[in-house]
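This report concerns only the one structure given below.
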Amino acid sequence: MSEVTAIEHLIMSQRRWSPHATGQFTSLMHDLILSAKIISRNVNQAGLVDILGATGSVNVQGEQVQKLDTFANNTLVYRMQTSGAVCAVGSEEMAEPFFVPENEPHGHYVIFFDPLDGSSNIDVGVSIGTIFSIYRRPDDEQYWLLNAEALMRPGLEQVAAGYFLYGSSTMLVYSTGHGVNGFTLDTGIGEFLLTHPNIQIPRVGKYYSTNHGYFNYWDEATQTAVHSFNRPTHEAPRSMRYVGSLVADFHRTLLKGGVYLYPEDTKHPRGKLRLMYEAAPMAFLAEQAGGKATDGRQRILDIVPTAIHMRTPLIIGSADDVDRVLDIYKEHGKV
Ligand code: P6P
């Protein structure tokens, strides 16, 4: 039987990089993984039980909240709140962060997540996912100083980031700053097994990924950049792939190479994607895998958030493909 590595083994082996590890990160990851297994089970049964469709409510983003969105958020918040490893939780589904009361078991980690990214695809069987971003509260910071302002740190300070992909299989892809590893859930034994060790994104990809429906809303620089992929003068045109779930589009880009673009446009002047729980965690992974991520003017990981739900343009993927977009932006005086 070939050597299989379960994720718990890898998490424990990574503790050697943190000699002062208290076990809190191990506990956090255990409860995060348990949350994903529960969400995955419900996503896979969504067509069979009355959990499809919208709840009729609207979230802080002004978007229809799907029943699975609510279930995923509640599952994650409960597990994180009771993990004993977390002091604050931020979510796309919550207007304000949740702070674990000081008199309840808490730890020094702060986690942000998009509990069910791509939820508009839930009812049509397209891959969706959970994106997470983990920070560590400075040890010297007193608990009572913990507020939304203190949570808004640049993506460069993440201690870990990743996503669960609920698709043809359920996958976990994450990094703690020492490379990117991918795990696939073996439902027969209920374990995430290492299937994609040390993921490296190709320097140049086969695809580009964007919503062409917004072409007339883009500025000339972005239109020229996209044309450099689908109407190039010195190479064969790229194939275009766009699922409409960031997790699915990014996962393909990470494994196959290419570039995903959600630029600003006249409908989304600051972009649509959220910095803290979509762009920053994906940028952390992209750079750990040898790729790049920018808002068109600066590195995503350098952006200091000004609001928990701050939006940003995102151009992410193979280093040479992202550089091509930046070069065209510079030629158009955009940078
Ligand atoms: P559009 C899903 O709502 C999401 O936040 C990302 O997962 C996805 O990449 C993007 O929005 C799709 O947006 O405007 O193309 O439908």
Side-chain angles (χ1 to χ4, degrees), residues 39 43 46 53-55 57-70 72-73 90-94 112-133 161-167 171 173 207-219 222-223 226 229-230 240-256 258-283 285-286 291 293-296 300 307-317 322 325:
I39 294 166
V43 165
T55 58
S57 60
V58 170
N59 67 15
V60 66
Q61 322 291 339
E63 296 167 343
Q64 271 291 335
V65 177
Q66 299 275 5
K67 290 177 184 174
L68 271 175
D69 266 344
T70 304
N73 188 63
S91 169
E92 182 198 35
E93 297 300 329
M94 303 191 306
F112 293 93
F113 44 70
D114 182 351
L116 211 55
D117 172 72
S119 51
S120 58
N121 289 306
I122 289 176
D123 291 358
V124 294
V126 169
S127 298
I128 52 183
T130 298
I131 308 171
F132 60 90
S133 168
Y163 57 85
F164 293 93
L165 177 67
Y166 311 114
M171 282 198 71
V173 175
Y207 304 110
Y208 75 101
S209 182
T210 192
N211 185 337
H212 266 280
Y214 297 141
F215 187 87
N216 292 329
Y217 301 135
W218 293 334
D219 61 25
T222 294
Q223 291 178 342
V226 170
F229 294 110
N230 68 355
M240 203 280 277
R241 294 281 189 280
Y242 191 72
V243 175
S245 286
L246 174 61
V247 179
D249 283 318
F250 178 75
H251 186 65
R252 181 198 56 251
T253 304
L254 186 69
L255 297 186
K256 303 288 187 186
V259 61
Y260 170 92
L261 308 93
Y262 206 115
E264 74 264 16
D265 59 44
T266 51
K267 284 180 66 178
H268 312 88
R270 281 304 303 144
K272 176 187 179 185
L273 302 179
R274 275 66 57 149
L275 174 65
M276 297 209 72
Y277 41 80
E278 289 181 315
M282 294 318 203
L285 292 173
T294 174
D295 67 354
I300 290 288
I308 294 286
H309 300 292
M310 173 179 170
R311 295 179 188 269
T312 178
L314 177 63
I315 297 146
I316 188 169
V322 171
V325 176

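Numbering of ligands and ligand atoms starts at 1, following listing order.
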task: Please indicate whether Tyr217 has more than 12 foreign heavy atoms, meaning atoms of other residues, nucleotides or ligands, lying under 6.0 Å from its OH.
output: no

- request: Specify the closest pair of heavy atoms between Leu273 and Leu314, including all atoms of both residues, with the distance to one decimal.
  value: CD1-CD2, 3.7 Å

statement: Sorted by chain and residue number, the side chain to side chain donor-acceptor pair (under 3.5 Å) partners of Tyr163 (sequence neighbours excluded) come out as His251

- request: Among Phe113, Phe164, Tyr277, find the residue that satisfies the ring-ring contact (aromatic ring centres under 6.0 Å, His included) test when tested with Phe132.
  value: Phe164

- request: Would you please classify the geometry between the Tyr208 ring and the His212 ring as parallel, tilted or perpendicular, with 30° and 60° separating the classes?
  value: perpendicular

- request: Using heavy atoms and a cut-off under 4.0 Å, could you grab the residues that are in contact with ligand 1, chain by chain, numbers ascending?
  value: Asp117, Gly118, Asn211, Tyr214, Tyr242, Gly244, Ser245, Leu246, Tyr260, Tyr262, Lys272, Leu273, Arg274, Glu278

- prompt: Hey, are Thr222 and Asp219 close enough side-chain-wise for a donor-acceptor pair under 3.5 Å?
  reply: yes

